[in-house]
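Structure record follows, encoded as structure tokens.
Side chains included, hydrogens not; waters and symmetry mates left out as well; all remaining heavy atoms used. In listed order, ligands and their atoms are each counted from 1.
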Amino acid sequence: MSINRWRHRRQRGVTLVEVVLFIVIVGVASVGIMEVMRLTTQHSADPQLRKQALAIAEGMLEEIQLARFTFCDPLDPAAETAASPAACTIPEGPGQEAGGVPRPFDNVNDYVTAYGTPVAYATDAQGNAWAAGAGQQYIARVTITQEALNGLPATESLRIRVSVAYAPGEDIVLDGYRVRYAPNSIP
Ligand SMILES: [Ca+2]
């Protein structure tokens with residue numbers, strides 16, 4: 001083999017088969033990368049929706065836990081002295097008693113119409129709707145149940161559950177308790 005011919009062979013470059021193989025490998029690899037990018041972009045808004053739903057649930061739970069839990073309705077003359085619901089003319093129970101105030105309500109149990117039955121809220125305590133943008137609307141579902149807690153009977157302890165959906169099948173669920181520690185506190 002002469003020097004010239006050897007040089008010619010060395011500078012031949014790549015064959016068509018090699019080029020096609022290269023294209024196929026790069027193509028397959030980029031499909032995988034594109035798929036990862038597509039998934040990332042698709043779910044990039046989720047953390048924000050989740051955070052908003054969490055803030056709404058926390059706000060709603062706090063509003064309810066800060067409400068009073070008295071034996072009598074605040075309008076009852078015996079509200080500040082009654083030692084049990086039996087001593088009230090208007091005992092407190094689920095739902096708004098006559099002459100009740102708008103939100104924030106005057107008692108924890110005013111937030112539901114019956115224990116164990118969820119009630120949907122679309123606004124905060126000031127009446128502002130929780131908008132999620134693009135025509136979406138957050139709804140907070142509130143369920144209150146009488147539940148014994150650490151030796152306290154179920155009549156003196158309420159479990160409050162707030163559930164806020166932020167995507168199909170995805171909910172923020174927060175639980176809290178409110179016990180009757182100041183049964184005669186009427187400001
Ligand atoms: Ca009530």
Side-chain angles (χ1 to χ4, degrees), residues 48-187:
Q48 193 197 341
L49 297 178
R50 202 186 135 80
K51 271 196 143 182
Q52 287 175 334
L54 181 62
I56 289 165
E58 282 176 341
M60 193 76 214
L61 185 62
E62 193 180 352
E63 180 190 333
I64 299 169
Q65 282 182 315
L66 286 173
R68 286 189 284 280
F69 187 14
T70 52
F71 289 133
C72 316
D73 185 83
L75 294 176
D76 193 315
E80 288 181 76
T81 50
S84 78
C88 307
T89 318
I90 320 166
E92 263 297 340
Q96 277 262 60
E97 282 68 28
V101 295
R103 277 177 72 195
F105 296 134
D106 60 35
N107 260 272
V108 175
N109 55 34
D110 290 357
Y111 283 88
V112 289
T113 47
Y115 289 131
T117 308
V119 172
Y121 288 89
T123 65
D124 63 16
Q126 282 75 43
N128 302 312
W130 296 307
Q136 261 191 301
Q137 161 90 63
Y138 288 113
I139 301 289
R141 285 187 170 74
V142 175
T143 315
I144 298 180
T145 38
Q146 292 183 303
E147 201 171 287
L149 180 72
N150 287 345
L152 274 175
T155 53
E156 306 305 299
S157 164
L158 299 176
R159 182 165 62 86
I160 306 154
R161 169 164 289 186
V162 179
S163 169
V164 179
Y166 62 93
E170 305 279 350
D171 301 81
I172 294 283
V173 181
L174 296 183
D175 281 304
Y177 283 86
R178 175 69 163 86
V179 297
R180 188 150 24 206
Y181 52 77
N184 301 108
S185 166
I186 310 291

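- Screening Y111, Y115, Y177 against L158 for a side-chain contact (heavy atoms from CB on, under 4.5 Å) leaves a single residue, Y115.
- Here the straight-line distance linking atom CG of N109 with atom CZ of R68 works out to 11.5 Å at 0.5 Å rounding.
- Atom OG1 of T70 sits about 5.0 Å away from atom CD of E92, to the nearest 0.5 Å.
- The Ca ion (ligand 1) has no N, O or S atom of G100 closer than 3.0 Å.
- Angle subtended at the Ca ion (ligand 1) by N109 OD1 and G95 O: 130°, rounded to 10 degrees.
- For E97, the nearest N, O or S atom to the Ca ion (ligand 1) falls under 3.0 Å.
- Atom CZ in R178 sits 12.5 Å away from atom CG in L149 (nearest 0.5 Å).
- A side chain to side chain donor-acceptor pair (under 3.5 Å) with R161 is found for exactly one of D175, T145, T143, namely D175.
- No other N/O/S atom of D110 lies as close to the Ca ion (ligand 1) as OD1 does.
- Distances from the Ca ion (ligand 1) show that E92 has an N/O/S atom below 3.0 Å.
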